[in-house]
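Below is one structure, written out as structure tokens; the observations come after it.
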Amino acid sequence: MSLAVAVTWHARPGTEERLEGILTEMSALTRAEPGCLIYQPHRSLDSPGVFFIYERFVDEAAFNAHLAGEDYRRLVLDEAVALLEHRERSLYAVLDPA
């Protein structure tokens with residue numbers, strides 16, 4: 001069963017542009033990972049410091065491989081997390097994988 005991931009990032013003031021750059025870089029890298037079906041970041045039009053990332057992986061193992069990857073560690077854990085006021089993540093089982 002495929003796995004959907006919904007992530008929301010709330011930027012610290014002044015870090016929004018760097019976070020957008022990180023997400024742009026992560027997009028290409030994550031989409032190239034085996035098991036990634038979708039990696040689509042978004043930036044709020046109403047609140048430019050809020051980012052939403054929608055991800056889909058073929059299964060939980062592919063998602064865990066993504067989290068263990070060098071790109072995730074370098075860009076998200078080592079850099080982006082320090083630029084955030086808050087982040088949220090929810091995992092979902094995909095019921096109708098169209």
Side-chain angles (χ1 to χ4, degrees):
M1 178 180 313
S2 65
L3 180 73
V5 184
V7 179
T8 304
W9 286 359
H10 298 263
R12 291 187 189 281
T15 66
E16 300 88 354
E17 299 310 314
R18 179 60 194 134
L19 286 169
E20 183 174 325
I22 289 169
L23 287 170
T24 299
E25 188 174 351
M26 277 300 295
S27 293
L29 296 168
T30 303
R31 289 176 184 152
E33 293 175 6
C36 177
L37 300 171
I38 298 171
Y39 186 93
Q40 185 63 63
H42 307 78
R43 187 170 181 180
S44 173
L45 295 174
D46 297 324
S47 299
V50 177
F51 297 86
F52 172 73
I53 306 112
Y54 177 73
E55 309 170 49
R56 274 199 45 207
F57 295 88
V58 295
D59 56 23
E60 190 172 355
F63 175 62
N64 288 333
H66 166 69
L67 296 179
E70 173 63 22
D71 298 323
Y72 183 83
R73 184 202 54 78
R74 178 176 57 84
L75 290 168
V76 177
L77 298 179
D78 290 352
E79 188 173 356
V81 169
L83 305 177
L84 302 175
E85 288 185 344
H86 178 69
R87 66 180 176 151
E88 305 159 14
R89 179 177 75 189
S90 298
L91 306 178
Y92 299 88
V94 177
L95 301 179
D96 183 18

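What you see is a predicted model, and the numbers here were worked out from it, not measured in a lab. This chain uses plain numbering: 1 for the first residue, then up along the sequence. All values below were derived from every heavy atom in this structure, side-chain atoms included, with hydrogens, water molecules and symmetry-related copies excluded.
- Residues Val5 and Leu91 share a closest heavy-atom pair of CG2-CD2, 3.7 Å.
- We find the OG-NE2 distance between Ser44 and His42 to be 11.5 Å, quoted to the nearest 0.5 Å.
- The hydrophobic clustering, which links ILVMFWY residues whose side-chain heavy atoms are closer than 4.5 Å, places Leu83 and Trp9 together.
- In terms of hydrophobic clustering, with Ile, Leu, Val, Met, Phe, Trp and Tyr side chains grouped at heavy-atom distances under 4.5 Å, Ile38 and Val7 are assigned to different clusters.
- Separating the CG atom in Leu75 from the CG atom in Leu19 is a distance of 11.0 Å, to the nearest 0.5 Å.
- The two residues Glu85 and Pro13 make their nearest non-hydrogen contact at OE2-CD, 3.4 Å.
- Contact record, Gly49 with Glu16: CA-CG, 3.7 Å, taken as the closest heavy-atom pair.
- The main-chain N or O of Thr8 is never found under 3.5 Å from a side-chain atom of His10 such that the two would form a donor-acceptor pair.
- A chain of hydrophobic side-chain contacts below 4.5 Å, direct or via other Ile, Leu, Val, Met, Phe, Trp or Tyr residues, connects Leu84 to Leu23.
- For the residue pair Ala62 and Pro34, the shortest heavy atom distance occurs at CB-O, 4.3 Å.
- Thr30 and Tyr39 get closest at one heavy-atom pair: CG2-CD1, 3.4 Å.
- Relative orientation of the Phe57 and His66 rings is tilted, given thresholds of 30° and 60° on the angle between their planes.
- Note on Leu77: it clusters hydrophobically with Phe63, by side-chain heavy-atom contacts below 4.5 Å among ILVMFWY residues.
- Under a 3.5 Å cut-off, the side chain of Thr15 and the backbone N or O of Arg12 do form a donor-acceptor pair.
- Residue pairs meeting the salt bridge (charged side-chain N to carboxylate O under 4.0 Å, His left out) criterion with at least one partner in residues 31-52, sequence neighbours excluded, are Glu17-Arg43, Glu20-Arg43.
- Linking ILVMFWY side-chain heavy atoms closer than 4.5 Å, directly or via other members, places Leu29 and Phe51 in a single hydrophobic cluster.
- Here the closest non-hydrogen pair linking Met1 and Ala93 is SD-CB, 3.2 Å.
- Residues Glu55 and Met26 form no side-chain contact, since every pair of their non-hydrogen atoms from C-beta on lies 4.5 Å or further apart.
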